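Below, read A as the first sequence line, B as the second, and so on, with proteins coming before strands; counting in each chain starts at 1. The shown structure was predicted, so the numbers you read here are calculated from the model rather than taken from an experiment.
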Amino acid sequence: MTATQMRQADMTPVASIQGCTRRYPGVLALDNATFEVAPGEVRALLGKNGAGKSTLIRMLTGAEIPDSGRVLLDGSELTHNGSGRAQEAFEKGVRVVYQELSLVPGMTLAENLFLGRWPRKRRVIQYRTMEAEAAQAMKLLGLDLAPDGLVAGLSPAEQQLLEIARAMLGRPKLIILDEPTSSLAAAEAEKVMAAVTRVAAQGIAVIYVSHRMNEIRQIAHSATIMRDGKIIDTVDVKGADTREIVRLMLGSEASQAAALEDRSQAEVVLEVRNLGLAPKLASVSFALRKGEVLGVAGLLGSGRTELLQAIMGVRRPDAGDVLVDGSPVRHADYKRMLRNGFGYTPESRKEEGIVPLLGVDENTLSTNFAGVSSNGILSARRMAEATRKIVDRLHVKTARTDTPIGTLSGGNQQKVVIGRWVYAGSRVLLLDEPTRGVDVEAKAQIYAIIRQLAEEGRSIIFVSSEIEELPLVCDRVLVLRDGALQEEFRSPNIDQDSLMAACITGH
Amino acid sequence: MSLDHAAKPAASDKATRAGFTFSQHMNELSLFFAIVVLYVIFSATAPGFMSFNNQVNILRDAATIGIAAWAVTLIIIAGEIDVSVGPMVAFTSVILAFLLQMGMPTPVAFVLAIALGALLGAIPGVLRAYFDVPSFVGTLGMWSALRGTALFVTDALPVSIGRNDMLDALDRSIFGIPPAAIVMLVLFGVFAFISRKTAFGRSVFAIGGNAHAAFLSGISVARIRVALFAVGGAMAAISGILLVSRLGSGNATAANGLEFDVIAAVVVGGTALSGGRGSMLGTLLGVLVITLIGNGLVLLGINPFFQQVVRGLIIVIAVLANIQAIKRSLARNKG
Amino acid sequence: MSLDHAAKPAASDKATRAGFTFSQHMNELSLFFAIVVLYVIFSATAPGFMSFNNQVNILRDAATIGIAAWAVTLIIIAGEIDVSVGPMVAFTSVILAFLLQMGMPTPVAFVLAIALGALLGAIPGVLRAYFDVPSFVGTLGMWSALRGTALFVTDALPVSIGRNDMLDALDRSIFGIPPAAIVMLVLFGVFAFISRKTAFGRSVFAIGGNAHAAFLSGISVARIRVALFAVGGAMAAISGILLVSRLGSGNATAANGLEFDVIAAVVVGGTALSGGRGSMLGTLLGVLVITLIGNGLVLLGINPFFQQVVRGLIIVIAVLANIQAIKRSLARNKG
Amino acid sequence: AAQEDLKVGAIYMDAQGFYAGVRKGIQTGAGEAGRKLDIVETNAQGDVSKESSFIDSLISAGVQAIIVSPVSADGSYRAIRRAHDAGIPVVCYNTCLNEADMKEYVSAYAVGDPFEFGHKLGDAAADYFIAQKNDAPKIAVLNCEFVEVCVTRRKGFEKALMAKVPGARIVANQEGAVLDKAVSVAGTMLSSNPEIDAFFGEAGGATLGAARAIKSQGKTGQVVVFGGDMTTEIAQELADFSVIKAVVDISGQGLGKLALTQAIKSIEGQPPEGIKVAYDIDVYKSPEDGKAWLEAHADGIP
Ligand SMILES: Nc1ncnc2c1ncn2[C@@H]1O[C@H](COP(=O)(O)OP(=O)(O)OP(=O)(O)O)[C@@H](O)[C@H]1O
Ligand SMILES: Nc1ncnc2c1ncn2[C@@H]1O[C@H](COP(=O)(O)OP(=O)(O)OP(=O)(O)O)[C@@H](O)[C@H]1O
Ligand SMILES: [Mg+2]
Ligand SMILES: [Mg+2]
């Protein structure tokens, strides 16, 4: 008997979904799914982008109503069929931390913790009581923050922990975490996982959605794998091996990463000297060679985004020089860097990467409309051709070139965001977290694309918080810590453990 | 500069919020300073400006803008807008006058007028909350419909109320202070309290800051939106009552362009049109700035057309200064 | 309903986009249908409605709203707003009349008036693009300042231009069609083309859809914003020129409330106030709806005040119907 | 004359109560015309461009005459010319085009002369000051000078007043045509110029606004009001006689009736000689006058 089966045998499930189906325009997001979770269990929920994980979760929280099938919480069925349903689920002890942060930045920590449920006495909010309780709730998770500070001042990890602390309030029975670590670096993710373990120890069931296998191994007891809206299998994490799980997720074998070669002799295309940007960067220096993939590792908040932005001229550095092809760039601004043949993909795809209502074509071609127009007039034919080329080359899954990009999966959106610089002919690409929130299959494709672009002689800076992927793509990895580049690892001697150690030294 | 801004919304947003408390006070301080400067200038140049009578006038004029502005501040903090204030005031003044003409007891007529204001105000609220009609469109429709109805039923003639002791009393000063000003200040206290100390007020901030998050944490977003616009209508009705007491009649043509002054006061007071940020104190100071300028320019005998020019400039400059002050305080914080 | 909406913005957004093309045409089809219905009703009830002369009138009135509305459509698609159209038209008409009075050659005066319109229009554009002043505030300031200045310099009196052959020609119909209507239709073609087939037009959509993403993919966000408002000013100036040709003088009091009609036409035409979505064809149909209603109600001799009520209702109903049509077409897709 | 059905267009200048009187006058006139007479009416909202488009619509609607109070003497002539060219007689009332254009395009002008309007009031004011033995009265004006007639009214007022009381002085002149604005502006003027003796209200809103401001500041007896345009409330104030001392008025109803009569005559090819048809300007100078007006206008429409 596996651990999972044992738990399920002697306890009634906290929540169960019985034969639920949910259809969206053109998609069967949930296909006759049946699912249960027991008290104290940490259940991982795995699947590619669009597999239906979030939809399954919305069934449990009452945010949506299944087209058919039943949802039982604590043994009784959810009955409301309107806006009361979410409240009903809440009262039955379901708490959820959504994929998107759901905090109000302009309000205090305490106000956010009790959002909408502020303690009141004769209708007046009791700030004292509230802040005291907030401090206590945060302490349970090892968070030591001032409850009257603004949420806006928190790091992403702290915000995520705050959301978990919120979910812990008022005797929950089931806590659902939808990709809580997707925007966190490894060390921050550790904090979240520690918090999850503590939660489970109190007999609360946890559903944990993640694309990161090693996290799942660390904390989950069992894993449910979804594909195309169906529940494929529930396995005991200890017993199953990663390749098997990946095979279940994809329905096929994962591809292998390409072998890497050393580029140390090629000419330098970009050199950064003593770059400073208070308060994050003190003095950063490095050189990037033609055809090289240079990884940048670091903890969240170590300033990798700022480094890329400073190079691109999106932010004005306080000190230092940026040299392109050996000559310094004066008064760098973003436009000038683009003209120098640089390209930049931001870390938050949804907020800064795509224009959701516009088609794949316009999202790709906006870097150089002139390339597809004659006499200033856009040519529909040339637009379709140019887009088709990029779409084919980067394996973007889309039916038409003018499909609104917002309807594509995250991984395909990310490929388009990279593709626009391929179209623009950029020779230096600065990619900030290009694999964030992207599933295993798309990740592998993005690695392959990056390697291929490097083969062609482009130079790439690859920033990632997922330490395990750096050895797969990078020729060289630099570690950003305390405002400067502290250590360098060269392929093939990039190993995860020493990288991790280098990131967190001194913390 | 623009580049910096367009490029990193997340970062600069966050930073803005981090410097929030300070810059908020920056804004109120600088408005306070502006008021002091206006006082110095006008008392030196405008004859009669400092007279007790004129100060009372200023308060009374401030009441016209202020009472509506308190509610509009909350509406804008919630990320919405209300452009129907002027017609709503005129319309309720007309209705009140009709009710009184019909011989209804004055207090009952007051209550009915306020209830009607709330009901009418709730219409764009319901359209927004349940039918996703943007509040700009809904209140623009009300703007046209209410003014039209008021003119239509009165033929643009004032609706006289005859002798009415209660309304006369509302226009008679108490120890030199006009009741309108007292009503305004009391309501200011109420709104300042609501916005800071009640679940309703904090929910408004939460909705303006992140409506989705507010919904997910069980705040009745739709109901609060409706309530906000209903309160807006009720406040306009109170202004309408005071207008009747001041003019002795209901007037369909009155309060023309009041929505302009109200929104200007709120925006000058530092409330962001994008929602989630603002304060009642800021609006109070904004109301004073707008009123002082109007009063001073009349006293100075400035060409009335030119006064319009000055008002347009003031609004833009105040908002510009506010934004620059926030940026500067951020830069300082950061350095 | 509200639950569905507030709960999963990402999801329902996605769905909206999927049904986008279809619902977009839904909107235009339903507007077209509304126009047909209006024609049927008015030709049955309003005497003289179908006369050639009246059809020409409708076109001429449509020109007043339309020319400004083309530019405002782009401005709203880019996520901004322009409330200064009316005063801008009046102001440029006054300036043009002054220039002609000074004896400047007519074509030069035209060019100067348009250039001035563009320059003034660019002011709120620059404030928005480089100083983060919301365009509502900037154009509200212009609204007050331009109207005030025009009234101030003319004392509200019309500025006569005397005999001017070129301007007279602009008011004389060509084969029965007024030049204003021709200008409107030509400009419609230009704007429809720009919005669909040029980098500038597509960049406007990109900025309205996601300004940061647009900036990071190398679109000159700030410059395009300034250009948009400059174009808005230039279009208002063209309306001003046509106004002078129609009235034979520059008038500071003219085009009162035109911004109301223009924004109403754009919004009725299905352009979203939140930006990123809209079409020129929709605006053309919106302009026709607004103009037809205005014309028919006058012909029917409906009480002028009551016409205001009808217009307010129409706007709200049109937007409501549009939103419901989109929702329904989505629901149908789903089944 | 043949009693065929008639259709007449009427345009009111803006949203003032005066035009409600005109409207009633036109409608009673139509009822009394003894034949079927349709009125197609609209309001130009003080905007020449709207007025121009309305006139075009009326031409299309096939009206046989247009009754209009042009927004602007110089700015409204094009549209009126189009109506004239289309063979439709245009009858002005209250306001009209400048002399030259009027002679050419307008078939009749029912008018209470605005200069005369101001002049009669100036006269009444002068008499009052002489009776008070005040030979240097200080006067504040609440104007409606965004329309041209109001400027003419003030000129007539000044002329008559200065002729009898040369020491009189205008110490302030601010806009205040709408009641609520007038009250606020008058209040402000009173505090800045405590020595004001009288207000001149160029229009109804201004007259009543000045009276209200004086009463609410407790200056009854010190400051008086002379103004234009009778309404129920102004008549009540006059009957009370504590603040308002004289009112001149052109009856909207009377003027409307007159304009319609002229329109019918023009349609029948009998426009008046010399175009202008004078309408009597009434001066009300005593409490009794006020009471009489109230009795005659029980429905409140001027
Ligand atoms: N409200 C909605 N309207 C239309 N389609 C939707 C909606 N919500 C989800 N979908 C679609 O349903 C499918 C399942 O989506 P879901 O969000 O559940 O996937 P997921 O497994 O959570 O993916 P990810 O890992 O990207 O978060 C996807 O194809 C998605 O595009
Ligand atoms: N404490 C904070 N206060 C304000 N802004 C912050 C804070 N932490 C992070 N940010 C912002 O969040 C974004 C991402 O974090 P940051 O740049 O600090 O670290 P990073 O190492 O680049 O992050 P990542 O690991 O996600 O690449 C940046 O734009 C940064 O300005
Ligand atoms: Mg998901
Ligand atoms: Mg980063």
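- Contacts of C:Leu299 with chain D are made by both backbone and side-chain atoms, with heavy-atom separations under 4.5 Å.
- With hydrogens and angles left out, the side-chain atoms of C:Asn164 and C:Thr106 include a donor and acceptor closer than 3.5 Å.
- Within 6.0 Å of CZ on C:Phe306 lie no more than 12 heavy atoms contributed by other residues, nucleotides or ligands.
- Contact tally against chain C (heavy-atom pairs below 4.5 Å) for D:Gln45, D:Glu145, D:Glu41, D:Arg81: the top residue is D:Glu41.
- Side-chain atoms of C:Asp61 and C:Asn295 include no donor-acceptor pair closer than 3.5 Å.
- With chain C as the partner, the residue from D:Asn43, D:Asp56, D:Val71, D:Asp38 showing the most heavy-atom pairs under 4.5 Å is D:Asp56.
- Proximity to chain C (any heavy atom under 4.5 Å) is shown, for D:Glu51, by neither the backbone nor the side chain.
- A donor atom on one side chain and an acceptor atom on the other are found under 3.5 Å apart for C:Ser84 and C:Asp82.
- With a 4.5 Å cut-off on non-hydrogen atoms, C:Phe52 does not touch chain D at all.
- Most heavy-atom pairs under 4.5 Å with chain D, from the set C:Ile58, C:Leu247, C:Asn256: that is C:Leu247.
- Comparing D:Ala44, D:Gly62, D:Ser72, D:Ser53 by how many heavy-atom pairs each has under 4.5 Å with chain C, the most go to D:Ser53.
- For C:Ser245, the part lying under 4.5 angstrom from a heavy atom of chain D is the backbone only.
- Checking C:Ser249 against C:Asn251 by side-chain atom types alone, a donor-acceptor pair falls below 3.5 Å.
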Evaluate the criterion salt bridge (charged side-chain N to carboxylate O under 4.0 Å, His left out) for residue pair D:Arg82 and C:Asp171; output intermediate values, then yes/no. CA-CA 11 Å; D:Arg82 281 197 289 275; C:Asp171 192 39; 3.3 Å; yes
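- Using a 30° and 60° split on the angle between ring planes, C:Phe49 and C:Tyr39 fall in the perpendicular class, above 60°.
- With a 4.5 angstrom heavy-atom cutoff, C:Ser51 touches chain D only via side-chain atoms.
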